[in-house]
Number of protein chains: 2
Amino acid sequence: MRLSTKALYAVRAMVCLNLQKGGEPVSIREISARERISLTYLEQLFAKLRRSDLVRSVRGPGGGYVLARPAAEIALDAIIDSVEETLAPASCVEQKEPCCHGEQCVTHQVWLELGERIRDFLASISIEDLSRDALERRRGDLLNPETGELS
Amino acid sequence: MRLSTKALYAVRAMVCLNLQKGGEPVSIREISARERISLTYLEQLFAKLRRSDLVRSVRGPGGGYVLARPAAEIALDAIIDSVEETLAPASCVEQKEPCCHGEQCVTHQVWLELGERIRDFLASISIEDLSRDALERRRGDLLNPETGELS
DNA sequence: AACATTCCCGAGCAAAACTGTCAATTAAAG
DNA sequence: CTTTAATTGACAGTTTTGCTCGGGAATGTT
């Protein structure tokens, strides 16, 4: 019942984007260094985030990625959907495969509800929520006001 | 974010055990046939369920498995724990690995809470709950009162 | 125009996890 | 002592995951 690193990385990267001062583009290289995530792997994730209209890209020197919408309007479930991880706990919930043999399986309803709970929870949390938490945590900590990063 | 077939099968099998009339042992072979699950694979699952004291085994002819406790006292989270699927959505939640690099990661808290929601939900549902649903569904359907099974 | 920076795209690949199979053994009932 | 059924451990096929690699295209700088 683990989320893949895709989902984990994508959410962290999105927070990273939002914490950038002034809303200038952030390059994948920067995120890669800051979050210790493989550069080329991140490229793949951002390609998907872009296709889902969660980020916008800016090419050329000084370019990078920017959130496509206000952070408050980007919830975690959308990010996870974007990098193609399913939130359904069983394949029968998505009608990909028949549940069991013929009859609707006894447990079908449970997995359906579990999936709903998971999605509801993730949909209730936005990138802004996470960013706010991050900033609060930093207050009182050693904080480099230049980069907005822990030194 | 899928549950493994281990978890799915184990829950179905436990319901199967409970629906048996009179509480006589049910053989793995029977469950295998009824639920269309590989016999030898089921063996592995039941070995784990037994070690977790969720079922008791009865050897020899007429033997099989029985629930080790009343169905109302067996919740789904215990079953899934038993077959060794984690309910934590990220490895850092279980302290298996450090979250990110050094500092506690921004997203840590979210995955922690998500894990709690999932566990709470599954802990709130017992084998008895599922069995009751199954019986209600059968009522009005074609039902074989001998075996307690759909004909 | 040359160059550096950055996004963009597709193919490939090793390791791990998942989903089983197989063979041999032990225990109990009749 | 034969049959039924649990018990155990090793192993094998397939799929998914988590990347790497190699090249390209757009954009800004000098």
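Lettering of chains follows the sequences in order, A, B, ..., and the numbering in each one begins at 1.
- Salt bridge status for Lys6(B) with Glu85(B): absent, with no side-chain N to carboxylate O gap under 4.0 Å.
- Side-chain contact between Asp133(B) and Gln109(A): absent, with no pair of heavy atoms (C-beta onward) separated by less than 4.5 Å.
- The OG atom of Ser82(A) sits 12.5 Å away from the CG atom of Leu76(A) when rounded to the nearest 0.5 Å.
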Is there any protein nitrogen or oxygen under 3.5 Å from a nitrogen or oxygen in nucleotides 14-23 of chain C, and what are the pairs?
unit_1  : atom_1 : unit_2   : atom_2 : d
dT19(C) : OP2    : Thr5(B)  : N      : 3.1
dT19(C) : OP2    : Thr5(B)  : OG1    : 3.0
dT19(C) : O5'    : Thr5(B)  : OG1    : 3.3
dG20(C) : OP2    : Tyr9(B)  : OH     : 2.9
dG20(C) : O6     : Gln44(B) : NE2    : 3.4
dT21(C) : OP2    : Ser38(B) : OG     : 2.3
dT21(C) : OP2    : Thr40(B) : OG1    : 3.1
dT21(C) : O4     : Gln44(B) : NE2    : 2.8

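- Residue-level contact check: Phe46(B) touches neither bases nor backbone, having no heavy atom under 4.0 Å from any strand.
- Within a 6.0 Å radius of CZ in Arg69(B), more than 12 heavy atoms belonging to other residues, nucleotides or ligands are found.
- Taking atom CG of Leu45(A) as the reference point, atom C1' of dC8(C) lies 14 Å away to the nearest angstrom.
- Atom CG in Leu42(A) sits roughly 13 Å away from atom P in dG18(D) (whole-Å rounding).
- If you measure from atom NZ of Lys48(A) to atom C1' of dG18(D), you get 11 Å, rounded to the nearest angstrom.
- The CG atom of Leu3(B) sits 5.5 Å away from the CH2 atom of Trp111(A) when rounded to the nearest 0.5 Å.
- In this structure, Glu84(A) places its CD atom 13 Å from C1' of dT17(D), rounding to the nearest Å.
- Separating the CD1 atom of Ile31(A) from the C1' atom of dC7(C) is a distance of 13 Å, rounded to the nearest angstrom.
- When the P atom of dC9(C) is taken as reference, atom CZ of Arg51(A) falls 6 Å away, rounded to whole Å.
- Between Asp120(A) and Arg117(A) no salt bridge is recorded (no basic side-chain N to carboxylate O distance below 4.0 Å).
- Distance check: Ile28(A) CD1 to Ser38(A) OG gives 10.0 Å after rounding to the nearest 0.5 Å.
- The nucleotide whose nearest atom lies closest to any side-chain atom of Arg59(A) is, among dC7(C), dA27(C), dA26(D), dA26(D).
- Remark: P of dT5(C) and OH of Tyr65(A) are 18 Å apart, rounded to the nearest angstrom.
- Across the protein-nucleic acid pair, Glu24(A) atom CD and dT6(C) atom P stand 13 Å apart, rounded to whole Å.
- Put simply, Arg50(A) has a side-chain N or O that comes within less than 4.0 Å of OP1 or OP2 on dC8(C).
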